[in-house]
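Taking it in order: structure first as C-alpha cells, then the write-up.
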Amino acid sequence: MARALELHPDRLFPADPTTRDIARTLYAEIAHLPIVSPHGHTDPTWFADDAPWLDATTLLLAPDHYLFRMLYSQGVDLDALAIPRRDGVPATDPRAAWRTFADHYPLFRGTPSRLWLDHVFADVFGFDIALDSSTADRYFDLIGEKLATAPFRPRALFDRFGIEFLATTEGAHDDLAAHRRIRQSGWGGRVVTTYRPDGVIDVEHEAFTPAMARFAALTGEDVYDWQGYLAAHRKRRADFRAAGATATDHGHPTAATANLSNVEAEALFAKVTRGDWTPADAELFRAQMLTEMAAMSVEDGMVMQIHPGSSRNHNAGLFASHGRDKGADIPTRTDYVHALKPLLDRFGTSTALSVILFTLDESTYARELAPLAGHYPCLKLGPSWWFHDSPEGMRRFREMTTETAGFYNTVGFNDDTRAFLSIPARHDVARRVDCGFLARLVAEHRLTDWEAAELAHELTSGLVRRAYRIDEPHFAAQAA
Amino acid sequence: MARALELHPDRLFPADPTTRDIARTLYAEIAHLPIVSPHGHTDPTWFADDAPWLDATTLLLAPDHYLFRMLYSQGVDLDALAIPRRDGVPATDPRAAWRTFADHYPLFRGTPSRLWLDHVFADVFGFDIALDSSTADRYFDLIGEKLATAPFRPRALFDRFGIEFLATTEGAHDDLAAHRRIRQSGWGGRVVTTYRPDGVIDVEHEAFTPAMARFAALTGEDVYDWQGYLAAHRKRRADFRAAGATATDHGHPTAATANLSNVEAEALFAKVTRGDWTPADAELFRAQMLTEMAAMSVEDGMVMQIHPGSSRNHNAGLFASHGRDKGADIPTRTDYVHALKPLLDRFGTSTALSVILFTLDESTYARELAPLAGHYPCLKLGPSWWFHDSPEGMRRFREMTTETAGFYNTVGFNDDTRAFLSIPARHDVARRVDCGFLARLVAEHRLTDWEAAELAHELTSGLVRRAYRIDEPHFAAQAA
Amino acid sequence: MARALELHPDRLFPADPTTRDIARTLYAEIAHLPIVSPHGHTDPTWFADDAPWLDATTLLLAPDHYLFRMLYSQGVDLDALAIPRRDGVPATDPRAAWRTFADHYPLFRGTPSRLWLDHVFADVFGFDIALDSSTADRYFDLIGEKLATAPFRPRALFDRFGIEFLATTEGAHDDLAAHRRIRQSGWGGRVVTTYRPDGVIDVEHEAFTPAMARFAALTGEDVYDWQGYLAAHRKRRADFRAAGATATDHGHPTAATANLSNVEAEALFAKVTRGDWTPADAELFRAQMLTEMAAMSVEDGMVMQIHPGSSRNHNAGLFASHGRDKGADIPTRTDYVHALKPLLDRFGTSTALSVILFTLDESTYARELAPLAGHYPCLKLGPSWWFHDSPEGMRRFREMTTETAGFYNTVGFNDDTRAFLSIPARHDVARRVDCGFLARLVAEHRLTDWEAAELAHELTSGLVRRAYRIDEPHFAAQAA
C-alpha cells in the first residue's frame, strides 16, 4: 500500500513550541516573496524555446548528479539510471531507470534531495502518495502526462514559481545564442547569463584548446597574445552584460590569487598558452587571472563570485567512461587568508569591487571567511554551497558567520541548481531555515521580533538584490 | 552522605517534550536488540579461559587510558593509579588506587566515561549510590565480591549483555591461540578476531623487527622477500578468517595510499626491511601496503577498516617510562581526498571491495568523508571514533554526514573498547543519541515516524551486519 | 519613534521551558559573584589617574576595533568614525562620528557587540530606549553628562562592577609607571599587569628596534648578548610580579615552539639581532623563546598564556594609513600537536608549569586542544577567544572540549577587552551561556542538578582563581 506524501506546514522549523511560533510568524511574511535566483545552472534553451520536457527521468534524474551519485555509491550502475557515457547514451529505457530510482528512494532519507524532490512531487505535480517501488510507474506516467501540457512548459513554470530574476552560467566561449533568442522573443521573464571564463583560464581543463579557439572566433582578438587575450575578456564581458549578466563566476581548485607585474604576467601567459607549463604554472595563471578579473570588475561593475575548493573528477575510472559532473567532485581544505591577499592588497579597500566568496570547507566560516567579510569592504559571503546547501549546512553557516560578519555581509540564497523544478523547493528550505534561526535568536532574547522580521525580509530579498546589483539602473537597463 | 545513583530512563534524549516523546518511542523498539560489536580491543583470553576478574582497579581502571589520562592531566601520578611502568608493576595497592580514582571522579563530569561508568555501576553491579570518596571502599569491596561469582565471569556477562558478535583485534604476528581455545571449547559465543597487520607494516614501530620474526615463524614464508612477504599476509589473512575474522584494521598515522609498480614496491620493500629508510620511505611503504591490503580484500572479501590520524606517544617522557597506550595519543589534521586517490584509482569502482573510513578530524566529516562515501561504491563511514565516541561527537557525526552520505553509507556503531563491562553502556549511548537525532528529524517533519523507526533498526542492527558481512554464509560458516 | 531597550532576564537561555528553568536556577546562584578578569587590555592609567572619560565616541567607539571593523566592512570611512590615522587624528567631530555609528547600529544584529553594548547602555547608563539614528544625540548627550560625574569615574565603576581582580597587559619594554601609581595611590582595587614580551621577541614587528632599546634601558642589561637578553627577561618578569602580575602572555603568529641547544639558540639570537634574518629565522626565534619563557615560568611560577594564530595587519592599505589593531587581523589555521611538541618534550610532565592555550581555529578544539589538555598536566584550555567570544562560540567551545578535557582542564572566562564598560556585560554573557550549557546536560540527565550548581560556581570563580594563581600567597602578597 502506498504511503501518504504530505508537506507539513511546519517543516524545518525548530520543535520547541515558542520558537516554532516565532518562526511561523516570520515565515508567513516572506514565504510568498518573488524568487531571485542570481546563480545557477539551468539551461537557457529551455526559456528560449519553451519546448515541453520529455519525462521524469530525462528532466529530474539524468541531469542531477546529487541524485545518481547516491545510487552509484550503493552499487547501482549508472547505465541503469540512463546516465550517458562519453561514447553515447546507454540503451536504458527511461521508465526502467525511473523504477530503479524509485526502488532506491529510501537512500535519500535525511538528505536535502529528499526534501526538494518531495516538494516537487507534491507541489509542482500534485502527488499525495509517496514515491516508492509500488508507485514508480504511476509517478512516471503522471509526470510524463503533465509535462506534455502547456502549464508545465518552462516559461509557464517560471511564472508559476514567481521567479523574478534567474541567472544561468555560460562559458567565455559560449555564443549566448539561447540568451539572444530569449531577449528577441519578447517574453518578459528576466533570465540572464553569468560570465564564467574558467574554460579559457584553466589550462589544465581537457577542453582548454578548443575553448580558446572559440574565444578567438567570437571576439576577433588575438587571444594568444596577452593584451589580445585581456581585450577578448573585456569584449565578452560586454557581450555578457548585454545578455543581462550582473556577475562573473570563477570555479577554481583553490582561492589563490596573484598580483604579478605586467611583464611577469605576459611571460606566464606565453608559457601556459605554449603548452609548456607545470601544474604550478597553471595554478599561478589561474591566480593571476582572478586578480585580472577583479580589475575588470572595478571597471565594469560586474560582481565577482569565487567558488573554490572542489577536487574535480576524483574518480579516474568514472571520468574515463562518463566524463565530468558525474558526482565525483570532492571538496578539499581551502585557505582564504593567504590565498586572497595578493588580490586584496591591490583592491581590498575599493568600494567599486564586490567579491562574493563561497566555500566547501566549513572550517573556514568562523576562522577565515567571517573575519574577512567582517572587515574588507569588497568582500561578502555567499550562502552555504553545494554539499552544505542543506538544512544543517545553512544552520551551521548562520551559527558560524553571523556573530563576526553579521547578517549584512551575506548575500541571501543561491539555489545554484540545474534542476529547474526544484528551485521553489530550494528557496523554501532556505527561507524556513533562516526563519528558524532568527526565531531562536528572538526566543533567546538576542533580537527583538521586529528586527527579526526586517532581517527575514533582507535575507530573502534585500540582500540578494543589492549584492547582485539587479536593481541598479546600469544593469537593469541592459537586461530590458 | 552518599549521593543517589540513578540511570534516568530519558537520559540523552533531547529536552523538548515532543522530540523526547518521539525518541522514547523509537528507542523502545530497539533498546533490547542484540549487541553486534564488530570492532574492539577486548582480550580474547577472557573468553577462552573464562577466569574471574580480580578487582575493580585491575578490571576497570588500569587498562582504560580514557580514565587515567584525565587524572594524569590533573597532576595525579600514574603510579598512584596502579598503571604499570615499563620496568614492572608499581607497588600500588589496588584499593589505594581505586580510592584515588574515586576522589577524582568529579573530573569526569560531562564526559562519556562518566556515562559509561555509572551505567556499569548501576546496571552491571547494581549500585544505587554514586561513587565518591566516601563510597570508594564500598564500591571496591562489592565489585570484588561480585567478580568472584559465576554470573560475573566473562562468558556469563557476554550472555547477559546480549552480545551476538564480538570482534577482538590481533596483530599479524599473533598466534591466535586464545581464539583457537574459544573455538575448541565448544562455547557458543561468537567471538572473532580482526587482522591488524600494522606491526609488520610500520617500520617506525619500535617492535617491528621482532614482529617480523614472529610473522616469518608463523607463516614459514621468507617474509624478507617481497613476494614471500605478500604470501605471508595471504596466509595469515586465511588464518584469521579461520578464527572468524570478517575484517582487517589499519591504524596508520595518515590515510596515505600509494599505487607503485611491482618493481618500485619491491625496491621500497627491500629498502625498508634493510633498515635503510627515511621517514618518507616508511610512510610510502605504509601507503603502498594499504593498497596491497585492498587488493587482498578484493580477493578474500575481508572488509578493510582504516583508522588514521593519531599522533601516537606524543609525551616523550611518559613513553620512556610507561610505553604505549597511556593516553598520550593526540589526533592530527587528516587529509582523505588526496591520500586515498591512489587506492581509489585502482579499486574505487569495485563493488567487491568495502573500506570503512574513520577519522579523528571532524572537519573532514562534511568536507571530505561524506562526499567520498556518498560517491564511491567501495567506501563507507565508520561511526564517530575515540575522542568523538560521545553524545556530542555522535550528534555532530550525524549532523555533518547524513545530508551528503545519507544513513545508508554508514555502518552502525563500534564500541572500539578494551573495557568489556562498558560495552552495553556504550551501545546504549549510541542508540539513545541516534534515536534523539532521528526524533529531531521527525519533529521537524523531515522524516516520517515509520521511516525513523526503520532507520533506528538499521542504525542499530541492519547496517552493521551488512557492512561487516557477519551474516554472509562465507564468513558465518568459517566462524561456526 | 524610539524603540524600547530592555535586557530580558532570560536572555541567552535555551528556549525549551524545562531547560530554561534549570538555567535560571543555576544562574541565580552565580550571577552576582565578583568579576575576576585575568586577561585584558584596559588602560592602567585609567585606574592610576581616575580621570573622567570624555564622551561616548572616545570611550566606546574609537578604541573598539570590534565596532568600527563592521562599519568599515560596509563601506564607512574610518575618518567618519574618528579613528586616528598614523599621521594624526582626523578632524571628525565626536558627535558626528557617534551619529554615523548609530545610523549603522543594525549591522550588529546577531553579534556579541550588540549584546555587550545594549548591556552597557541599559545597565551602566540607564537607557530604556534603543540606539538608532533618532536617539543618537540623546545617547551622546546623556553619556557625556554621566561620564563627567563622580560615579562614572574609572575607580567608581570598578567598584560598582564588582571587579575583584583585573589584569592589564604591558610589553616587556613598558616602564609600568601607571601600575606604580595605582599601588602608591593607596586605592584598594587589585589591578595588575601581565608580562607580554612579544615586542622584544618578534623581530618582524615594525617597532622591534626601539623596543629593544627601551628593554636595555629599563634593565641595564646588555640585551644584545644572549645571556644578557635572558637576564633582562628575568629582571622584567620580577618587575612585573612586583606590579602584581601572575601571568605572561604570548601572541605569536603560530604556536611553534623549539628546543634548541644553548649554542644553537645563541647563534640564532645573534643572527636575528644583527638584522640578518629570514622569516624562518624569525619564526624559529619566537618558537625558541616560548620554550625559554616556559623555563622561566618553571622558576618563577608565572602562568603562561599562548594566543597564537592571528595573521596581523592583513589589509596592507589600511596598515599603511592607520597602523595596527584596526580590525584587520584575520585568524589562520593553527597546528598545536606538532608545534608544541618541543616545549612539551622538555616540560610536558612538569607540574610546576602551567600553560593556558587559546585558539582562533575552532577545528582544533576537539581534535587537538581537548586531547592535549586532557592528557598533559601542564596544559589548560583558555576560553573561546576573540571572534569566538560570543554565545555560539562559547557553546561550541563547551560542546567540543568538555567530553575529552572535562570542565576542570578549562580556566573560566576571559573578557580580553579594552572596552572597560563592557566587562560586566561580557562576563554576564559567559555566565548565562555556561548555565545554559549545564542546564542542557541536566535536562538530558547527563549531570545531576547539584553537580551543575557546583560546576556553575567553578566555571565562574573557582577555575579562574586557581588557573591564574590569584589566591596563591606568593602572588597575592606581591599584589598587596
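Chain A is the first sequence line, chain B the second, and so forth, proteins listed ahead of strands; every chain is numbered from 1.
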Looking at [options], which one has more heavy-atom pairs under 4.5 Å with chain B than the rest?
options	result
A:Ala328, A:Gly75, A:Ala316	A:Ala328
A:Ala130, A:Pro106, A:Gly309	A:Pro106
A:Ala4, A:Gly327, A:Ser113	A:Gly327
A:Met70, A:His314, A:Lys326	A:His314

(request) Can you measure from NE2 (B:His445) to CG (A:Asp118) and round to the nearest 0.5 angstrom? (result) 14.0 Å
(request) Would you give the length of the straight line joining atom CD of B:Glu444 to atom NE2 of A:His8, rounded to the nearest 0.5 angstrom? (result) 12.5 Å
(message) Less than 4.0 angstrom from a charged side-chain N to a carboxylate O is my criterion; do A:Asp21 and A:Arg24 meet it?
(response) yes
(message) Looking at A:Arg11 and A:Asp428, is there a salt bridge between them, counting it only when a charged N and a carboxylate O are closer than 4.0 Å?
(response) yes
For a 4.5 angstrom cut-off between non-hydrogen side-chain atoms, does [X] reach [Y]?
X	Y	result
A:Trp386	A:Ser310	yes
A:Leu117	A:Ser422	no
B:Leu455	B:Leu441	no

Is chain A contacted by the side chain of [X], its backbone, both, or neither, given a heavy-atom distance below 4.5 Å?
X	answer
B:Thr404	both
B:Ala452	neither
B:Arg440	side chain
B:Ala405	backbone
B:Glu454	side chain

Is it the case that the side chain of [X] and the backbone of [Y] share a donor-acceptor pair, with hydrogens and angles ignored and the cut-off at 3.5 Å?
X	Y	result
B:Thr364	B:Leu369	no
B:Thr334	B:Thr332	yes
A:Thr19	A:Ala15	no
A:Arg114	A:Thr111	no
A:His427	A:Phe413	no

Tell me, side chain or backbone of [X] under 4.5 Å from chain B's heavy atoms, or both, or neither?
X	result
A:His388	side chain
A:Leu360	backbone
A:Phe387	both
A:Arg432	neither
A:Ser363	side chain
A:Ser311	side chain

Among [options], single out the residue with the greatest number of heavy-atom pairs under 4.5 Å to chain A.
options	value
B:Arg398, B:Arg333, B:Lys380	B:Arg333
B:Leu344, B:Thr351, B:Thr18, B:Thr349	B:Thr349
B:Gly406, B:Gly374, B:Ala443, B:Cys378	B:Gly374
B:Thr402, B:Leu447, B:Asn409	B:Asn409
B:Glu368, B:His338, B:Lys341	B:Lys341

